[in-house]
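Got a structure for you, questions after.
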Amino acid sequence: MALRLYNTLSGKIEEFHPLQNNEVRMYACGPTVYDYGHIGNFRTFVAVDILRRFLLQTGFRVRHVMNITDVDDKIIRNSAQAGLSVKAYTAKYEKAFLEDSSTLNIEQPLLARATDHIEEMARFVAELEKKGFAYRTEDGSYYFRIAKFPSYGKLSKKDFAGMEDGARVDVDEYEKDNARDFALWKAPKPGEAFWESPIGPGRPGWHIECSAMSMHELGETFDLHAGGEDLIFPHHENEIAQSEALTGKPFVHFWFHARFLLVEGEKMSKSAGNFFTLRDLALRGYKPSAIRLLLASVPYRHQLNFTFDGLKQMASNVEKLRNFQLRLKTGQFPSGSADSKLASETVERMTSALNDDLNTAQAQAAIFEMVRKANVAIDNGQMKKDDVAPLLAALEKFDEIFAVLRDDDAPKMKAILEWAKAEGREKDVSQELLESVGVQSLSDADIEAKIAAMEAARRARNFQASDAIRAELTSAGLLVEITKDGVRWRRK
RNA sequence: GGCGCGGUACCCAAGUGGUAAGGGAGAGGUCUGCAAAACCUUUAUACGUCGGUUCGAUUCCGACCCGCGCCUCCA
């Protein structure tokens with residue numbers, strides 16, 4: 001069965017096949033590094049990560065490039081205000097973005113920084129001018145002439161045929177031939193940062209960087225281009241226009257767009273007070289694994305309502321999966337096999353759910369059903385030794401996509417705690433975060449020693465002593481379970 | 001105004017032309033020295049409202065109400 005994906009360009013779900021051999025060449029619009037990434041940004045990046053991971057799991061090789069926009073109007077403005085160079089200003093937020101991505105177990109694509117490719121962008125613009133698709137204005141800026149590109153609007157399904165010229169001309173863009181013409185290259189205004197180039201001093205327009213860098217890394221026509229839904233217009237529409245004007249070839253086969261999320265049922269905005277960065281949530285004590293699972297739990301084309309209640313639910317889900325994995329790994333089971341089909345059927349269900357336009361909700365339903373059935377088998381003594389490995393493998397298969405099983409929340413939260421201290425944000429640190437991090441102060445050896453003491457007390461039927469040790473470990477953030485196979489523990 | 005998406009139980013959320021996945025939460029129970037974990041039972045005569053097509057619609061069509069997105073370099 002092949003992967004079926006919604007393609008914004010055709011407006012339909014289509015079978016996805018790479019253009020060349022077995023390699024998928026994909027480009028994802030990355031962050032503009034002028035501030036910390038918020039939870040909406042990361043919904044998109046997690047969606048792309050899931051796509052990437054599933055393509056890999058399916059057996060494709062993936063060449064995945066993502067841009068870092070480290071020059072734009074906002075950056076120039078903010079860095080000037082901060083009294084920093086553009087480079088120094090963006091470096092901080094680029095680093096934060098990469099850290100946050102890794103906190104969410106987002107696999108890192110090949111990165112392409114806009115400021116490392118200024119030369120190519122200038123050449124791109126010069127070439128467009130030569131072909132008559134671009135014109136220079138008096139101040140030295142360059143614009144794309146959309147009247148020369150008849151299929152303009154094909155991605156966003158907009159009809160510009162009857163568009164009035166100059167209907168809404170911005171004050172500082174009075175030189176454009178048509179209000180819809182967009183900037184390819186911006187001449188510097190006094191005091192602004194700029195780059196020297198063959199087409200004169202200035203800085204690239206926003207859209208040109210993605211066209212120039214994606215074609216540079218992936219070729220003139222490649223498989224898939226991803227981003228948030230807001231980028232459909234104008235950003236991706238403009239990329240298509242520039243790129244296809246330059247090459248005369250189709251730019252991208254599949255356009256993949258992730259839907260925006262809501263926060264507590266409302267559009268996220270700073271003024272509504274529901275604007276959260278990833279770090280804000282961590283400071284409140286929410287674990288990265290729960291955040292990732294929530295972001296991944298609703299299929300990417302659906303609006304996701306991001307709530308704190310949902311976050312708590314997802315934390316329970318993560319616990320349930322990790323508990324189950326631990327139960328399988330530590331349990332003693334009689335030899336033989338009782339049920340050879342549960343694991344394989346689950347894998348099949350997950351795969352076909354993901355093949356169906358990445359239906360992550362159904363994939364999760366499949367794994368939870370497996371967990372319940374297997375738990376029943378364990379409870380009833382029906383679980384056999386040979387059934388364990390396939391079930392663990394099915395969990396791993398799930399985790400190759402969702403990446404929430406590994407118990408690595410505590411060190412990540414510790415890093416965020418340290419960041420908060422360095423940034424003077426101690427007042428935002430919650431009790432929950434401190435507790436999560438507190439587990440770190442106990443080494444495995446410490447814990448094992450305490451567990452041993454607890455077991456000894458239990459054998460002596462000194463329950464008061466054993467309960468005291470257990471209470472201590474529990475309050476340090478451990479899950480401690482007494483089972484017939486002995487005491488089992490893990491960090492929560 | 002133009003184009004597009006969605007409204008499913010207490011909450012989150014799949015899905016189908018023939019009568020509703022999964023998770024969380026609540027209640028009761030099993031197990032247990034007590035816990036924890038796990039499991040069982042239970043919680044939508046019903047899928048925004050009103051019409052239509054159909055033997056039959058939550059699923060198709062139309063209207064309306066509500067939420068959301070793009071049309072302004074916000075993922």
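Letters go in sequence order (proteins before strands), and every chain restarts at 1. Predicted model only: the values in this text are computed from it and were never measured. Note that these values count all heavy atoms, side chains included, but never hydrogens, waters or copies made by symmetry.
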Worksheet entry | Nearest-nucleotide pick for A:I482, side chain only, options being B:G22, B:A38, B:C34 | B:C34
Item to complete: Return the value, rounded to whole Å, for the distance between atom CG of A:D467 and atom P of B:A35.
Response: 10 Å
Worksheet entry | Complementary nucleotide of B:G17, counting Watson-Crick and G-U pairs under 3.5 Å | none
Worksheet entry | B:G56 - base-pair partner by Watson-Crick or wobble geometry, distances under 3.5 Å | none
Discussion item. Starting the side chain at C-beta, find the nucleotide from B:A75, B:A37, B:C68 nearest to A:M268.
Written reply: B:A75
Fill in: Complementary nucleotide of B:C10, counting Watson-Crick and G-U pairs under 3.5 Å
B:G24
Discussion item. According to a cutoff of under 5.5 Å between the ring centres and under 30° between the ring planes, does A:F45 stack with the base of B:A75?
Written reply: no
Worksheet item: Among B:G24, B:A14, B:G33, which is the nearest nucleotide to the side chain of A:H302?
Response: B:A14
Worksheet entry | Complementary nucleotide of B:G62, counting Watson-Crick and G-U pairs under 3.5 Å | B:C50
Worksheet entry | Salt-bridge present (A:E107, A:R53; N to O < 4.0 Å) | yes
Fill in: Pairwise 5' ranking along RNA chain B for A:H38 and A:S466, keeping only the more 5' one
A:S466
Fill in: Complement of B:C5, any strand, by Watson-Crick or G-U distances under 3.5 angstrom
B:G67
Worksheet item: For A:F42 and B:A75, is the gap between ring centres under 5.5 Å while the planes differ by less than 30°?
Response: no
Worksheet entry | Between P of B:A36 and CG of A:D379, the distance in whole Å | 15 Å
Item to complete: Examine the base of B:A75 for any acceptor or donor lying under 3.5 Å from a partner atom in the side chain of A:R43, and report the outcome as yes or no.
Response: no
Worksheet item: B:A37 phosphate, OP1 or OP2: any side-chain N/O from A:R322 under 4.0 angstrom?
Response: no
Worksheet entry | Rounded interatomic separation in angstrom, taking NE2 from A:H235 and P from B:C70 | 15 Å
Worksheet item: Under a 4.0 Å N-O cut-off, is there an ion pair linking A:R113 with A:E94?
Response: yes
Worksheet entry | Between B:G24 and B:U16 - P atom distance, rounded Å | 24 Å
Discussion item. Distance check needed: B:C34 P versus A:N462 CG, whole Å only.
Written reply: 17 Å
Worksheet entry | Phosphate-side-chain proximity, A:N359 and B:G15, N/O vs OP1/OP2 below 4.0 Å | yes
Worksheet item: What is the distance, rounded to the nearest whole Å, between atom CD1 of A:I232 and atom P of B:C3?
Response: 16 Å
Discussion item. With a sphere of 6.0 Å drawn around NZ of A:K95, does it hold more than 12 non-hydrogen atoms of other residues, nucleotides or ligands?
Written reply: no
Practice prompt. Just compare B:C70, B:G33, B:A13 and give me whichever is closest to any side-chain atom of A:F233.
Written response: B:C70
Worksheet, complete the sentence: Of A:K157 and A:D309, the one whose nearest nucleotide on RNA chain B sits closer to the 5' end is A:K157
Worksheet entry | Phosphate contact (B:C74 OP1 or OP2) by A:K74 side-chain N/O below 4.0 Å | yes
Worksheet item: Taking CG from A:D73 and P from B:U72, how many angstroms apart are they, rounded to a whole number?
Response: 17 Å
Fill in: Pi-cation contact, A:F194 with A:R203 (under 6.0 Å, within 45°)
no
Fill in: Ring-face cation of A:K12 near A:Y6 (centre distance under 6.0 Å, axis angle within 45°)
no
Practice prompt. Rounded off to whole Å, could you give me the CZ-to-C1' distance for the A:R259 and B:G69 pair?
Written response: 5 Å
Response to the item:
Rounded to whole Å, the CZ-P distance (A:F308 to B:A25) equals 19 Å
Worksheet item: Relative to the ring of A:Y27, is the ring of A:H225 parallel (under 30°), tilted (30 to 60°) or perpendicular (over 60°)?
Response: tilted
